Amino acid sequence: MRKVFGRWIGHSLSARLLWLTVIVTLLTEVMILLPSLGRERSAWLMNRVTEAHLAALTVSAAPHGVVDLSTRNELLRLSGTEAIRLAQGGRSILVLPPRGTVHAEGAINLAHETLFGSVIRAIEVQFGLAPRDVLVTAPSPLQHGVIVQIVVHNPVLAAHLWRYVEHIAALSVAIALLTGLWSISCSTVCWCCRCGA
């Protein structure tokens with residue numbers, strides 16, 4: 001029985017068609033995944049920029065533009081950043097300083113970043129090749145003329161990207177298998193129709 005099963009898996013026309021379809025589908029999904037990964041990284045960072053500006057607006061609404069230590073820490077946690085600085089009209093203000101000592105070893109300007117660059121940096125982040133903390137600069141989507149600078153902890157971004165890849169990979173395998181089985185069923189139906197004819 002094992003021999004028959006192994007022979008069907010390795011040598012039958014249906015098996016070859018199944019594996020060919022699965023491989024082609026997976027390769028296609030990988031080609032789609034890479035730019036999608038770059039876009040997901042950019043979207044995640046822009047979400048952090050937006051949340052950071054909202055946190056900064058919360059601070060500006062506080063009396064004298066100052067919040068207590070626990071509120072500062074909570075705003076940084078909710079925004080997913082380590083520090084927040086706003087720049088407008090040539091003036092730069094450190095709105096929320098870091099909770100401890102933070103050394104940003106890299107810098108990224110999202111306004112000048114290409115999709116290819118985002119893909120490369122996403123891969124570097126996932127495999128631990130990027131700096132642990134990075135300074136991200138981007139124009140605020142909430143207010144024209146405001147530049148937001150945040151310090152982002154790359155391991156948090158890496159965890160998010162790995163979850164994204166796992167989700168896409170599971171979906172790709174399911175699509176590949178369903179496509180392969182559908183191709184086999186179609187070829188079998190066509191073969192039966194020819195035999196009947």
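Keep in mind it's a predicted model, so treat the numbers as computed, not measured.
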With a 3.5 Å distance limit and no angle check, can you tell me whether [X] reaches the backbone of [Y] through a side-chain donor-acceptor pair?
{"X": "Asn154", "Y": "Asp133", "result": "no"}
{"X": "Ser118", "Y": "Gly38", "result": "yes"}
{"X": "Ser42", "Y": "Arg39", "result": "no"}
{"X": "Thr81", "Y": "Arg77", "result": "no"}

For a 4.5 angstrom cut-off between non-hydrogen side-chain atoms, does [X] reach [Y]?
{"X": "Arg41", "Y": "Leu161", "answer": "yes"}
{"X": "Glu113", "Y": "Ile108", "answer": "yes"}
{"X": "Val148", "Y": "Ile150", "answer": "yes"}
{"X": "Leu34", "Y": "Ile123", "answer": "yes"}
{"X": "Arg72", "Y": "Pro97", "answer": "yes"}
{"X": "Val152", "Y": "Trp44", "answer": "yes"}
{"X": "Ile147", "Y": "Gln88", "answer": "no"}
{"X": "Leu94", "Y": "Arg85", "answer": "yes"}

**Study point:** Pair Arg99 + Glu74: basic N to acidic O under 4.0 Å
**Key:** no

Revision key, fill the gap. d(Glu82 CD, Arg48 CZ) to nearest 0.5 Å is 12.0 Å

Quick check on the hydrophobic clustering: are [X] and [Y] connected, directly or via other members, by side-chain heavy-atom contacts under 4.5 Å?
{"X": "Val151", "Y": "Leu45", "answer": "no"}
{"X": "Trp162", "Y": "Val134", "answer": "yes"}
{"X": "Met46", "Y": "Val156", "answer": "yes"}
{"X": "Leu129", "Y": "Leu135", "answer": "no"}
{"X": "Leu78", "Y": "Ile84", "answer": "no"}

Point to revise | side chain to side chain contact (heavy atoms under 4.5 Å, CB included) assessment of Gln126 paired with Val165 | key: CA-CA 10 Å; Gln126 284 187 278; Val165 168; 3.5 Å; yes

Exercise for review: Mind running side chain to side chain contact (heavy atoms under 4.5 Å, CB included) on Val136 and Gln149 for me, showing each step along the way?
Suggested key: CA-CA 6 Å; Val136 178; Gln149 288 187 321; over 6 Å; no

Review point. Residues sharing Leu69's hydrophobic cluster, by side-chain heavy-atom contacts under 4.5 Å among ILVMFWY, directly or via others?
Key: none

Review point. In this structure, which one of Leu75, Leu86, Ile93, Val66 forms a side chain to side chain contact (heavy atoms under 4.5 Å, CB included) with Val59?
Key: Leu75

**Study point:** Trace of the side chain to side chain donor-acceptor pair (under 3.5 Å) decision for Asn73 with Ser70
**Key:** CA-CA 5 Å; Asn73 292 341; Ser70 62; over 6 Å; no

Practice item. Please test His53 against Val49 for side chain to side chain contact (heavy atoms under 4.5 Å, CB included), starting from the C-alpha separation and ending with a verdict. Key: CA-CA 6 Å; His53 196 178; Val49 168; 5.8 Å; no

Check your understanding: Does a donor on one side chain and an acceptor on the other come within less than 3.5 Å for Thr50 and Asn47?
Key -> no

Exercise for review: Just grab all the salt bridge (charged side-chain N to carboxylate O under 4.0 Å, His left out) pairs involving residues 155-172, residues at least two apart or on different chains.
Suggested key: none

